[in-house]
Amino acid sequence: MSSKEKNLINVIRKELAILAGFLFLGIVVLPIAVYFVGQAIFGEYGGQSYGQFFGDLVSRIRSGDGGAVFLVLSPYLGWQMLRLIAFGWRAAGHQSGAG
């Protein structure tokens, strides 16, 4: 196996680990925060408890509801957006310094 192939495999593993970590945040941590912040601001959720809220969220994800999928993927998408901004910032700084 060449060094390019090994490097590619390492990059893929790193990106999959990042995705897995942010999916954990999006599926486990973020719904807890959304539920408790919503409860504090808007009052009691229409269901009975957090379990009902989480069950509704999971059923919406399974049915392909775009809003629920976006909610779960939002930590990962936010991270990728920050990475793209940093990349653009570095590229713009490098180009302006060359002229």
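Remark: Leu73 CG to Leu25 CG distance equals 12.0 Å, nearest 0.5 Å. Of the inter-residue distances, the one linking Tyr76 atom OH with Leu19 atom CG reads 5.0 Å to the nearest 0.5 angstrom. Atom CG of residue Asn10 and atom NZ of residue Lys14 lie 10.5 Å apart, to the nearest 0.5 angstrom. The CG atom of Asp56 sits 11.0 Å away from the CG atom of Asp65 when rounded to the nearest 0.5 Å.
Taking the six-membered ring where the residue is Trp, Phe36 and Tyr50 present parallel rings, their angle staying beneath 30° rather than reaching 60°.
No side-chain heavy atom of Val28 sits less than 4.5 Å from a side-chain heavy atom of Leu23. Contact annotation: the side chain of Met81 never approaches that of Leu77 to less than 4.5 Å [non-hydrogen atoms, C-beta and beyond]. Here the side chains of Leu57 and Leu71 are in contact, with some heavy-atom distance below 4.5 Å.
Remark: Phe24 CZ is loosely packed, at most 12 non-hydrogen atoms of other residues, nucleotides or ligands lying under 6.0 Å away.
Cluster membership check: Val34 does not share its hydrophobic cluster with Val37, using side-chain heavy-atom separations under 4.5 Å among Ile, Leu, Val, Met, Phe, Trp and Tyr.
Here the closest heavy-atom approach between residue Pro31 and residue Gly26 is recorded as CD-O, 3.2 Å.
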